[in-house]
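Scroll down for the structure; my scribbles are underneath it.
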Amino acid sequence: AQTVTQSQPEMSVQEAETVTLSCTYDTSESDYYLFWYKQPPSRQMILVIRQEAYKQQNATENRFSVNFQKAAKSFSLKISDSQLGDAAMYFCAYRSEEGSARQLTFGSGTQLTVLP
Amino acid sequence: NAGVTQTPKFRVLKTGQSMTLLCAQDMNHEYMYWYRQDPGMGLRLIHYSVGEGTTAKGEVPDGYNVSRLKKQNFLLGLESAAPSQTSVYFCASSPYGVAFRNEQFFGPGTRLTVL
């Protein structure tokens, strides 16, 4: 079974600064997707960014980018020019492409605080 | 499109009571999922369905049952609620195939408290 580990329960960043959230995962599979989800106080799960394992190029979405190290099984999220609205719980998630379920396996989350 | 909706948004039960949580999606998705979220933990899969009339167990299925009689609906049942089932429950859906790059769409969640 796959596992996802987020070793930083809490992080804080000054507004306009850059912060990196860490995520590692364990799998024996070669075909999978990785995701970062944001959960603000409203509880809604919002997809931030995704990465296909077979793509070497790191995904970017505006101020959000990832550092995907497949051999090291590491998938960190970098938020540039942090804004107050970025404050939320962030979850790293893994999705296998080798079974029928295609469910997400989540890490325990990192609570991000943005300081004005 | 409403996306994924969940009913109810909040519920308080007494130990031993039963209830059903309803998830509905209007995106014609094949896959549907029920997750639970507990403090300090990520979402964990309870049950899932890969199509109408099919269901399967996830990581934490004990104490729950599900049904998918219609493609757009996925019901989660608690036959005899226990305090350990106090949690926030999320439903999600996903299309089959690569067209949508495997994104799962989440409902707003249901906060359930069992006293």
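Order of the sequence lines sets the chain letters (A, B, ...), proteins ahead of strands, with each chain counted from 1. Owing to the predicted nature of the structure, the values given are computational and were not obtained by experimental measurement.
Aromatic rings of B:Tyr48 and B:Phe74 (six-membered ring for Trp) have centroids beyond the 6.0 Å cut-off, not under it.
With A:Tyr32 as the fixed residue, the ring pair (Phe, Tyr, Trp, His ring centres under 6.0 Å) test singles out one of A:Tyr54, A:Phe75, A:Tyr94: A:Tyr94.
The OG atom of B:Ser87 sits 4.0 Å away from atom CZ of B:Arg36, with the distance rounded to the nearest 0.5 Å. One distance of note links CG of A:Asp26 with OG1 of A:Thr3; it measures 4.5 Å at 0.5 Å rounding.
Of the two parts of B:Gln37, only the side chain, counted from C-beta on, holds a non-hydrogen atom closer than 4.5 Å to a non-hydrogen atom of chain A. In this structure, chain A has a heavy atom under 4.5 Å from the side chain of B:Leu45, while its backbone stays farther away. Looking at B:Lys57, there are no atoms closer than 4.5 Å to chain A (heavy atoms on both sides), in backbone or side chain. Interface remark: A:Gln39 contributes side-chain atoms only to the contact with chain B (heavy atom separation under 4.5 Å). Interface residue B:Arg111: backbone and side-chain heavy atoms are both found under 4.5 Å from chain A.
Of all heavy-atom pairs spanning B:Gly109 and B:Val88, the tightest one is CA-CG1, 4.5 Å.
Of the listed residues (B:Pro108, B:Gly42, B:Ala56), the one with the most heavy-atom contacts under 4.5 Å to chain A is B:Gly42.
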